[in-house]
Amino acid sequence: QVQLVESGGGLVQAGGSLRLSCAASGRTFSNLVMGWFRQAPGKEREFVAAISRSGSNSAYTESLKGRFTISRDNAKNTVYLQMNTLKPEDTAVYYCAAAGGVVVTRRTDRYDYWGQGTQVTVSS
């Protein structure tokens with residue numbers, strides 16, 4: 001079992017920045033592919049970014065490239081999502097997820113463990 005706890009969400013004005021953190025426990029963190037997803041009210045959960053076990057490879061949903069950056073610190077068992085130039089349409093609950101496979105994946109069903117989510121609200 002893996003426990004994931006997100007933090008860092010909140011209310012920010014458009015154009016601002018936030019950094020989300022996700023602390024993992026219960027399994028060797030460096031053996032996990034990590035991802036961030038988000039879900040806005042009335043919408044399906046969507047892929048945001050993912051990072052390989054070593055941190056050397058990452059993937060992003062195309063529309064967020066350049067504004068969002070995923071990173072990880074295996075010594076701290078933590079994955080981060082730096083979000084810059086935030087827009088009101090970025091408002092959502094952001095979820096951290098962990099996959100036991102080796103491939104960086106965008107597929108929700110490939111992730112075995114999920115955090116409880118953290119709310120990000122961007123005001124205009």
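If you read the sequence from its start, that first residue is 1, and numbering goes on from there. Predicted, not measured: the structure shown is a model, and the values here were computed from it.
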### Task
Please answer whether the main-chain N or O of E46 pairs with a side-chain N or O of Q39 as donor and acceptor at a distance below 3.5 Å.
no
### Task
Answer whether the closest heavy-atom distance between the side chains of L20 and M83 falls below 4.5 Å.
yes
### Query
Does a side-chain heavy-atom distance below 4.5 Å link Q82 with S71?
no
### Query
Is there a side-chain contact between V102 and R53, using heavy atoms and a 4.5 Å cut-off?
yes
### Message
Tell me whether the NZ or CZ atom of R107 lies within the 45° cone about the ring axis of F47 and under 6.0 Å from its centre.
### Response
no
### Task
Let me see the working for Y80 and R19 under side-chain hydrogen bond (donor to acceptor under 3.5 Å, both in side chains), right down to the final yes or no.
CA-CA 7 Å; Y80 305 97; R19 188 176 81 153; 4.7 Å; no
### Task
Give the C-alpha distance, both sets of side-chain angles, the deciding distance and a yes or no for side-chain hydrogen bond (donor to acceptor under 3.5 Å, both in side chains) between S56 and S54.
CA-CA 5 Å; S56 59; S54 68; 2.8 Å; yes
#### Entry: Interatomic spacing from CH2 in W114 to SG in C22 - rounded to 0.5 Å
11.0 Å
### Query
Do the non-hydrogen side-chain atoms of Y113 and C96 ever get within less than 4.5 Å of each other?
no
### Message
Quick check: do I51 and V33 have side-chain heavy atoms less than 4.5 Å from each other?
### Response
no
### Query
Between D90 and R38, what is the shortest heavy-atom contact and its length?
OD1-NH1, 2.9 Å
### Message
Please determine whether side-chain hydrogen bond (donor to acceptor under 3.5 Å, both in side chains) holds for the pair N84 and S17, giving the CA-CA distance in whole Å, both sets of side-chain angles, and the decisive distance to 0.1 Å.
### Response
CA-CA 4 Å; N84 297 328; S17 298; 3.0 Å; yes
### Summary
Closest non-hydrogen contact found for V120 with L18 is CG1-CD1, 3.9 Å
#### Entry: Check: Y95 ring centre within less than 6.0 Å of F37 ring centre
no
### Atom of V48, atom of F68 and distance for their closest heavy-atom approach
CG1-CD2, 3.7 Å
### Message
Using 0.5 Å steps for rounding, measure from the CG atom of L81 to the CZ atom of R72.
### Response
13.5 Å
### Task
Indicate the atoms forming the closest heavy-atom contact of V5 with Q116, along with that distance.
CA-OE1, 3.9 Å
